[in-house]
K.L.:
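Pasting a structure below so you can have a look.
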Amino acid sequence: MATKTTVKEAKIVEKTTVFKIEARATEKSYAESMKRTYVFAVPLFASKQAVKKAVEEEFKVTVEDVRVLTRKGKKTRYSKGKHQYPGTTFHRDHKFAYVTVKEGDKIPVFEEEKKEEPKDKKAEKAAKKEAKKATKKGDK
């Protein structure tokens, strides 16, 4: 038999649910990151407290403030054929969280991975040439 869940039980389940947060890398979010505010795409059921907990656990930062924005899905018209009555549907909604972190903390959203490059390229080329000469002399 299925039992009814009360509102209090549903809220408890919501707060303990683990979900994935995805950082948004856009021009607007880049401008916000200069003010220590980062933008994340979160599930529609996520609460501010759950978002705060998820960001703190994943990025090891201290969260000061969380603002949440829900964007309604756009209306879309469709038709099933020439003589069928056209209908209207909606794209799904999206929820974004604007998270402000403590002064000094950073989240690496726009950080590029640094590649190790040789410091002295000329010396490296010269070493390669010498190695080739040494192998040619060894062949003779």
K.L.:
To the nearest 0.5 Å, what is the distance between NZ (Lys48) and OH (Tyr98)?
P.N.:
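So the gap between those two atoms works out to 13.5 Å.
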K.L.:
If hydrophobic clusters are built from ILVMFWY residues whose side chains come within less than 4.5 Å, do Val99 and Phe96 share one?
P.N.:
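Not linked; separate clusters.
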K.L.:
Throw together a table of side-chain donor-acceptor distances under 3.5 angstrom for residues 29-41, partners on residues two or more places apart or in other chains.
P.N.:
unit_1, atom_1, unit_2, atom_2, d
Ser29, OG, Arg24, O, 2.8
Ser29, OG, Thr26, N, 2.8
Ser29, OG, Thr26, O, 3.0
Ser29, OG, Thr26, OG1, 3.0
Ser33, OG, Tyr30, O, 2.6
Arg36, NE, Val101, O, 3.1
Arg36, NH1, Glu103, OE1, 2.7
Arg36, NH2, Glu64, OE1, 3.2
Thr37, OG1, Thr100, OG1, 3.2
Tyr38, OH, Ile107, N, 3.4

K.L.:
Identify whether Phe45 and Val68 are in the same connected component of the hydrophobic contact network (ILVMFWY, side-chain heavy atoms under 4.5 Å).
P.N.:
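The answer is yes; both residues are in one hydrophobic cluster.
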K.L.:
Listed by chain and number, what are the side-chain contact (heavy atoms from CB on, under 4.5 Å) partners of Tyr78, not counting sequence neighbours?
P.N.:
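So Tyr78 forms a side-chain contact (heavy atoms from CB on, under 4.5 Å) with Lys80, Thr89.
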K.L.:
Not counting sequence neighbours, which residues clear salt bridge (Lys or Arg N to Asp or Glu O under 4.0 Å) with Asp105? List them please.
P.N.:
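Asp105: no salt bridge (Lys or Arg N to Asp or Glu O under 4.0 Å) contacts found.
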K.L.:
If you compare all heavy atoms of Glu57 against all heavy atoms of Lys60, which two are closest, and at what distance to 0.1 Å?
P.N.:
O-NZ, 2.8 Å
K.L.:
How close do Phe90 and Gly73 get, heavy atom to heavy atom, and via which atoms?
P.N.:
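Smallest heavy-atom distance, with atoms named: CD2-O, 3.8 Å.
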K.L.:
How many angstroms lie between atom NZ of Lys95 and atom CG of Asp93, to the nearest 0.5 angstrom?
P.N.:
10.5 Å
K.L.:
Who pairs with Glu58 by side-chain contact (heavy atoms from CB on, under 4.5 Å), at least two apart in sequence or on another chain?
P.N.:
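Residues passing side-chain contact (heavy atoms from CB on, under 4.5 Å) with Glu58: Ile21.
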K.L.:
Please name all residues satisfying side chain to side chain donor-acceptor pair (under 3.5 Å) with Thr76, sequence neighbours left out, ordered by chain then number.
P.N.:
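Once residues adjacent in sequence are excluded, the partners of Thr76 under the side chain to side chain donor-acceptor pair (under 3.5 Å) criterion are His91.
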K.L.:
With sequence neighbours excluded, tell me which residues meet salt bridge (Lys or Arg N to Asp or Glu O under 4.0 Å) with Glu27.
P.N.:
none
K.L.:
So which heavy atom on His94 is nearest to which on Leu44, and how close?
P.N.:
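In this case the closest contact between His94 and Leu44 is C-CD2, 4.1 Å.
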